[in-house]
Amino acid sequence: MSTAKPATGYKTELPRRVDLPGTGAIGGVRRPAESAPTTGRESPRKLIVGSEISLAGEITACDHLVVEGRIEARIKDCQTIEIAEQGVFKGSAEISDGDIAGRFEGDLSVSGLLRLRASGVVTGTIKYGELQVETGGKLIGTLQPLGGDAAAAAPAAAAVAPQPAPTPLFDDKAEAGGEA
């Protein structure tokens with residue numbers, strides 16, 4: 001009896017991965033421990049919805065959401081949302097910062113910076129801390145600044161109230177030779 005192994009057409013040994021010097025990567029792939037710096041957490045909570053992917057539901061506890069496909073959801077406790085040019089988000093979002101090059105439809109509340117790219121369209125109720133719109137970007141709906149700007153917008157109605165008549169600079173009687 002022979003103890004020879006049967007020919008199966010595959011190798012039983014895996015090739016050894018090679019460390020690339022200076023890259024912190026094995027075979028061109030970053031090691032998780034050496035990825036982008038985090039904000040004191042072990043791993044960032046990042047969700048990427050790729051192109052041609054649809055997602056519906058509720059998203060909670062997400063540090064960074066990247067939308068390249070289509071999402072119909074409600075988001076809370078998310079730091080950053082990034083909507084790519086072909087991305088579509090429908091629903092509501094309460095976030096810290098937003099960068100929108102695609103479409104957002106619904107209620108958007110951004111406590112920090114909302115950046116709308118030239119190809120971006122936001123439709124609905126938009127609340128923001130800071131707003132940056134590139135030429136071509138479209139905001140359609142109700143805009144409301146948050147924080148200090150909201151306090152400045154509230155007394156705008158009081159500024160329309162009638163003001164007392166201005167005091168004349170010259171006294172007409174004094175110019176005509178009369179006593180004042």
Side-chain angles (χ1 to χ4, degrees), residues 23-25 28-164:
T23 64
V29 178
R30 284 196 161 281
R31 296 178 187 151
E34 296 180 15
S35 63
T38 61
T39 57
R41 294 190 179 107
E42 293 237 350
S43 62
R45 300 174 298 178
K46 184 174 186 176
L47 174 61
I48 301 172
V49 178
S51 61
E52 300 184 27
I53 301 291
S54 293
L55 177 69
E58 184 171 326
I59 301 170
T60 58
C62 176
D63 286 338
H64 191 127
L65 172 64
V66 179
V67 181
E68 296 172 349
R70 181 178 183 88
I71 292 184
E72 290 187 39
R74 189 177 87 127
I75 296 180
K76 274 195 139 185
D77 191 25
C78 184
Q79 295 297 312
T80 304
I81 186 171
E82 181 181 332
I83 302 177
E85 200 167 325
Q86 70 276 15
V88 177
F89 184 100
K90 288 185 178 186
S92 65
E94 292 179 26
I95 57 176
S96 297
D97 296 302
D99 191 345
I100 301 175
R103 284 189 0 229
F104 183 99
E105 299 174 13
D107 297 328
L108 177 60
S109 181
V110 182
S111 61
L113 175 64
L114 171 59
R115 179 177 291 125
L116 185 61
R117 303 293 180 169
S119 58
V121 178
V122 178
T123 306
T125 302
I126 304 116
K127 298 176 184 177
Y128 60 90
E130 294 179 64
L131 180 63
Q132 184 180 62
V133 181
E134 291 181 357
T135 302
K138 295 179 183 154
L139 292 167
I140 304 166
T142 305
L143 294 175
Q144 180 180 355
L146 297 173
D149 292 342
V160 178
Q163 300 294 322

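Computed from heavy atoms alone, side chains included, the values below leave out hydrogens, waters and symmetry copies.
- Across all non-hydrogen atoms, the minimal contact from Ser92 to Arg74 is OG-CG, 3.0 Å.
- Within the model, atoms CG of Leu114 and CG of Leu131 stand 5.5 Å from one another, a figure rounded to the nearest 0.5 Å.
- Nearest approach of Val88 to Val67, heavy atoms of both residues: O-CG1, 3.7 Å.
- When side chains are defined from C-beta on, Ile71 counts as touching Leu65, because their heavy atoms get closer than 4.5 Å.
- When side chains are defined from C-beta on, Leu108 does not count as touching Phe89, because their heavy atoms never get closer than 4.5 Å.
- In terms of heavy-atom proximity, Ile83 sits nearest to Gly87 at CG2-O, 3.4 Å.
- With sequence neighbours excluded, the residues satisfying side chain to side chain contact (heavy atoms under 4.5 Å, CB included) with Thr60 are Glu58.
- Gly137 approaches Leu116 most closely through the heavy-atom pair C-CD2, 3.8 Å.
- Note that the CD atom of Gln144 and the OG atom of Ser109 stand 8.5 Å from one another [nearest 0.5 Å].
- In terms of heavy-atom proximity, Leu146 sits nearest to Ser111 at CD1-CA, 4.1 Å.
- Within the structure, salt bridge (Lys or Arg N to Asp or Glu O under 4.0 Å) pairs that include any residue of residues 133-147 comprise Arg117-Glu134 (at least two apart or interchain).
- How far CG of Asp77 is from CD1 of Ile95: 12.0 Å, rounded to the nearest 0.5 Å.
- Of the candidates Glu82, Gln132, Glu130, Gln132 is the only one forming a side-chain hydrogen bond (donor to acceptor under 3.5 Å, both in side chains) with Arg115.
- The backbone N or O of Leu113 lies less than 3.5 Å from a partner atom in the side chain of Asp97, making a donor-acceptor pair.
- In terms of heavy atoms, Phe104 sits closest to Ile100 at CB-CD1, 4.2 Å.
- Counting only N and O atoms by type, the side chains of Gln79 and Ser96 include a donor and acceptor under 3.5 Å apart.
- Applying the salt bridge (Lys or Arg N to Asp or Glu O under 4.0 Å) test to every pair with at least one member in residues 103-112, sequence neighbours left out, gives these pairs: Lys90-Glu105, Arg103-Glu105.
- Checking side-chain atoms of Ser119 against main-chain N and O of Ala101 turns up a donor-acceptor pair under 3.5 Å.
- Atoms CD1 and CD1, from Ile59 and Ile81 in turn, are 7.5 Å apart once rounded to the nearest 0.5 Å.
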